[in-house]
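Note sheet for the following structure.
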Amino acid sequence: MSMFAEVAISRLLREVLAILRHVPFRIAVCLIIVGVFVLAAMAPKVLQTHDPLAIDLTSALQSPSIAHWFGTDQLGRDLYSRVVEGAGQSLAIGLGATALSMSVAMTIGGAAALSGGLLDSILSRIIDVLFAIPTLLLALVFVTVFGPSVLTEVVAVGIGTAPGYARMIRGQMLSIKGAGYVEAANVLGHPFPRIVWRHILPNAMNPLTAMMTIGVGQAIIWASGLAFLGLGVAPPAPEWGALLNAGRNYVIYAWWLEIIPGLAVTAFALSLTIMGRHLQDRLEGKR
Amino acid sequence: MMGSDAVRIVVQHPIVWFARRIFSGVVVVWAAATLAFLIQCMLPGDRAQIIINVTSGNVGPASSAELAAINAKYGFDQPLAVQYGKYMLQILHGDLGESYQQHRPVAAIIAEQIAPTIVLAIAALLIAWLIAILTTLFIAGRDNIWSKLLNDAQVFLATVPPYWLATILLVLFAVKLGIFPVIGGNSPIGLVLPTLALALELSGFFGQVVQNEFTRVLEQPFVTSARARGMSDFGVRLRHVLRHAALPGITLSGWALGKLLSGAILIEVVFARQGLGGVLVAATSSRDVPIVSGAVLISAGLFVLVSLIVDLTYRVVDPRIKLT
Amino acid sequence: MSQGRPQPVPQQPDLLTVDSLRVSFGRGIAENTVVRSISFSLRPGQCLAIVGESGSGKSVTARSLIGLAGRYANVHARQLSFGGTDLIGLSDRAWRRIRGTEIGFVLQDALVSLDPLRRIGKEVGEGLILHGAVSSREEFAQRVIALLKLVGVPEPETKAEQLPHQLSGGQRQRALIASALALDPRILIADEPTTALDVTAQAHVLALLEETKTRGKALILISHDLAVVSHVADEILVMRGGEVVERGTAAQIFRDPRHPYTRQLLDAVPSGRPRGSRLSPSTIVRSPKQQMQLPLQSLPKSRPILLEATSLVKRFKGPDGTLRAAVDGVSFELRSGETLGIVGESGSGKSTMARMLLALDEPDEGAVQFAGRPWTTLAERERRARRRSLSIIYQDPLGSFDPRWTVGRIISDSLSSDVETRRKRQERVIELLDLVGLSKALLDRRPLELSGGQRQRVAIARAIAPNPAVIVCDEPVSALDVSVQAQVLDLLGYLKDHLGVSYLFISHDLSVVRHISDRVIVMRRGRIVDNGATDEIFRNPQSEYTKSLIAAMPRLVRDRRIGHSATILEEGIA
């Protein structure tokens with residue numbers, strides 16, 4: 001390696017370190033956790049120690065050990081490798097569901113807040129009615145109608161969580177719409193679409209980003225909850241929820257089959273929540 | 001906005017207020033009923049075919065005679081508007097239809113199973129409130145290690161999946177330590193772990209909201225005024241701050257119902273408890289739509305009822321609302 | 001009382017002794033000293049005023065005296081003692097025995113200083129229960145009623161059962177004072193007790209404080225307002241940046257201020273200054289192009305009418321569901337190049353009217369004409385193009401700026417679209433910043449990074465950017481410190497002469513309105529009760545209401561022996 005490249009790399013490293021120094025410790029930890037999960041989702045082979053589908057009945061239901069970090073299941077499959085394998089599908093379901101629920105919520109909540117008047121009251125009523133139905137029940141409705149599948153899971157969780165977000169977005173947009181700077185832009189004679197585009201949407205974006213960060217974690221929790229009930233993706237796919245559902249029957253003999261996949265869900269969701277809240281606090285502090 | 005009505009200072013004549021609340025509640029239930037009806041129509045494929053499959057357990061296609069019989073029995077051969085009208089009329093008579101699988105009225109099935117679920121939900125709600133208030137009262141707003149730990153614990157509890165928390169409690173206290181029965185049935189002792197699992201999650205949410213408001217109110221001038229009169233720190237917390245801090249928490253209790261019902265479904269399954277959870281999961285996997293849509297209707301009704309109670313409670317705690 | 005301030009008995013020992021008080025927050029390198037080396041002493045029947053602008057450390061000083069400077073505060077002093085008790089390092093329990101019983105404390109704005117969820121009586125009498133001064137419920141009720149009577153709250157039996165928001169601002173503040181007086185403390189500390197009040201209520205509260213003093217209480221009055229202080233104080237500390245810059249008797253400070261900052265503060269009080277004269281030191285408003293032209297000349301009547309309001313009515317739904325007119329048949333006109341002041345207390349409908357003039361709210365009846373053409377009756381689409389001729393300056397400039405935008409973008413956004421090229425716009429923005437006395441270094445700052453005075457200057461720059469004919473100023477200086485207020489008023493005066501713009505100047509502050517306006521409208525409960533040339537209104541007010549407002553106006557009393565405050569006391573408590 002040439003001297004020049006070495007200097008460049010060390011400078012880059014120093015700059016990265018300088019940025020990271022301003023990141024609080026707990027946020028750094030969360031970033032690392034999320035990073036590991038993203039790596040597991042993109043390139044599971046890098047992290048796996050065993051073939052996640054390889055059956056080995058001689059080593060069935062082993063508790064965590066050096067050979068099998070997270071233990072093995074009833075068919076002797078390595079749980080650690082299965083959890084790594086499942087990250088991809090779980091993350092995809094979480095992201096998909098969040099994207100869906102945010103789009104629905106933005107459309108309904110945003111339209112309600114920006115239009116005002118009759119359309120607002122109609123849309124708010126619709127949000128209210130959907131909000132009156134528990135998230136999981138709303139998700140069950142979709143599973144009942146369309147039958148269990150990955151797509152149903154995404155739609156069920158996406159629609160189930162949408163009413164709550166729609167409410168928040170409507171409130172957020174309304175408060176921005178009533179802000180002094182929107183009125184000031186009005187006094188200047190700017191047309192409403194321009195005000196929406198230049199003031200309302202950009203100012204609503206930041207809190208939405210924080211909301212979405214937390215939302216992805218929550219979506220994964222709901223999706224795994226559905227799967228836990230046996231209404232999610234069918235085995236043998238090692239999606240986290242499927243692992244949880246499979247482990248349910250062995251919880252008395254082999255706790256790790258249930259606790260460890262749950263830990264993966266929790267660690268991921270918790271990291272996203274802490275990061276999202278950090279983002280929210282910083283935004284509020286700035287205001 | 002139903003749940004947040006209480007946040008606005010409602011200054012109306014109580015009867016007018018009450019009438020309006022009842023009306024908007026009826027609207028919500030009616031809309032939920034319509035939704036429940038639509039769910040049943042939304043089933044992809046031929047409904048008669050699905051009913052036959054659910055009932056008989058066979059997968060193959062049924063004969064046209066069988067289909068016609070089912071269509072006539074459930075009125076599927078009539079126009080949608082007529083079906084809708086009949087459905088609404090049924091609901092007014094307390095009839096939520098008949099389960100495809102169990103061949104019993106949905107209303108009876110839900111009525112049988114709802115009591116344990118409601119007991120669980122109410123117990124969890126009370127415990128969650130107790131935990132949130134006590135921890136806030138003693139720990140919140142103090143700049144020490146306990147306050148930080150409490151805050152972290154609340155974030156953790158609010159985020160953790162309820163079924164996972166329940167499983168940990170089950171493994172730890174029932175399997176490993178043997179303090180509680182693994183399958184508690186409906187005995188009071190069997191209620192402890194499920195309630196705790198459900199309450200801990202909710203207490204995280206309540207705690208965060210109450211604590212946020214609590215620390216905000218602690219800095220308010222009227223609190224300083226009370227201190228300047230010689231009131232102790234705990235006195236200030238108990239007599240002045242707590243009441244204010246509880247207000248947003250009370251508003252949240254309506255929202256908490258949805259959270260509780262979702263959580264109860266999962267936790268009942270973890271502990272193999274009797275209740276709506278098991279029934280709904282079975283109904284969902286066998287596509288027994290009348291039960292699921294019946295539950296939608298019932299939970300919307302419960303939500304309306306709870307919102308009303310929440311608003312009434314709010315009016316008691318915040319006397320500004322009562323006065324005109 | 002009319003013979004002047006009561007003379008403290010010479011032999012009486014000091015109640016409170018403060019020597020070299022120093023208060024800081026934080027520790028180590030993060031330590032931030034907010035009060036340094038303050039010394040004073042206080043005798044019974046004496047009033048000490050601590051005067052300063054925001055950030056001067058006056059409130060922290062006051063709170064240190066009852067041990068409530070806050071969790072993170074470090075309080076040091078060579079001596080800090082009350083009636084022989086050393087207050088330094090006192091335990092919380094020992095502090096609680098002193099708070100309320102020996103030292104009473106009143107905060108500003110009783111709406112938030114009284115618990116909004118508790119009844120007035122309970123709040124007023126709370127100290128009685130805390131310190132075990134009453135034994136029965138009946139006694140408690142009696143004492144509370146007596147206290148409310150003492151401070152002049154009307155119908156004390158009814159008010160004791162009400163909640164804070166049901167009382168008027170003045171009544172609330174008096175109830176708060178009553179709660180501080182409940183246990184007959186020897187010292188009363190009042191932190192900005194009149195700041196949030198309307199003038200009449202302010203006069204009542206001042207009279208009450210003065211009466212408390214004559215009953216032999218020692219009084220510490222914290223205020224930013226020299227005019228308020230001049231009614232009651234015997235001794236004055238002027239603070240700035242945590243230090244005392246001047247200390248002296250009231251008579252000495254008002255007659256012969258030694259420190260330039262004290263003089264600046266005194267000059268900044270608009271009342272008692274010639275109308276339109278400069279209030280701030282000349283270095284603050286700088287303009288390379290033109291020297292300031294002062295004072296104003298009175299305007300000929302023949303100027304064209306710009307804004308004309310005819311029988312404006314705006315109704316809102318009241319709490320009981322009935323319609324209440326916030327603005328009730330108001331007509332007036334604003335002529336070109338003129339400043340029309342609109343005065344009224346809170347709830348008089350002046351801000352509602354401003355919104356109708358800007359066509360943000362539609363009037364229920366009547367109409368506004370702008371430059372001889374219809375205005376409020378137009379469709380918004382037709383109005384849009386002409387909106388730039390009518391600007392507004394808000395009380396809270398921060399809320400009126402998009403927090404994400406830079407100063408440059410905020411001002412550039414309001415330039416008319418005739419300025420086409422980017423460079424021209426940039427030049428114009430810098431020109432405008434210069435005009436309002438701001439450096440172009442602020443171009444890339446965001447509103448949150450500016451001081452209150454800078455924000456209001458940016459708001460003014462934005463208001464004049466589209467070359468408006470009329471600027472509506474809605475309480476533009478009410479949230480500012482006196483010296484900053486003086487600068488902003490001077491700037492507005494300068495811009496008017498320089499640009500030939502007309503102002504509609506809305507304020508609750510009579511002295512400010514008097515200073516800047518050519519004509520004045522006095523509003524009360526949505527109606528105009530007085531309307532005329534400024535000098536005419538102030539010399540010879542027509543309505544009783546205007547007379548009472550003018551009488552209650554806080555003026556600098558340079559020599560209290562005239563006995564001005566005694567008359568207020570009689571009117572106030574009546």
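Computed from a predicted structure; not experimentally measured. Reminder, nothing fancy here: chain letters follow the sequence lines and each chain counts from 1.
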Hey, which of A/G171, A/G147, A/G164, A/A267 has the most heavy atom pairs under 4.5 Å with chain B? A/G147

Per-pair distances, 0.1 Å, donor-acceptor, side chain in residues 153-162 of chain A, under 3.5 Å, sequence neighbours excluded:
residue	atom	partner	partner atom	Å
A/E153	OE1	A/V233	N	3.2
A/T161	OG1	A/V157	O	2.8
A/T161	OG1	A/G158	O	3.4

Ranking A/T144, A/I214, A/L136 by heavy-atom pairs under 4.5 Å to chain B gives rank one to A/T144

Start with the C-alpha distance between A/R248 and B/Y163, add both sets of side-chain angles, then the distance that settles side-chain contact (heavy atoms from CB on, under 4.5 Å), and finish with yes or no. CA-CA 10 Å; A/R248 196 158 59 126; B/Y163 54 85; over 6 Å; no

Heavy-atom cut-off 4.5 Å, strictly under: side chain, backbone, both or neither for A/L140 against chain B? both

Salt bridge (charged side-chain N to carboxylate O under 4.0 Å, His left out) involving B/D288 - partner list, sequence neighbours excluded: none

Give, as side chain, backbone, both or neither, the part of B/V175 having an atom under 4.5 angstrom from any heavy atom of chain A. side chain

Of the listed A/L263, A/V265, A/T135, A/I274, the one with the largest count of heavy-atom pairs under 4.5 Å with chain B is A/L263

A/M168 atom CE, over 12 foreign heavy atoms within 6.0 Å: yes

If we only count heavy atoms from C-beta on, is the A/T266 to B/P161 side-chain gap below 4.5 Å? yes

What pairs with A/R26 under salt bridge (charged side-chain N to carboxylate O under 4.0 Å, His left out), at least two apart in sequence or on another chain? B/D152

What part of B/V171 gets within 4.5 angstrom of chain A, counting heavy atoms only: side chain, backbone, both, or neither? side chain

Proximity breakdown for B/Q208 and chain A, heavy-atom pairs closer than 4.5 Å: side chain

Any residues in residues 221-230 of chain A near chain B, with a heavy-atom distance under 4.5 Å, and which are they? A/I221, A/W222, A/S224, A/G225, A/F228, A/L229

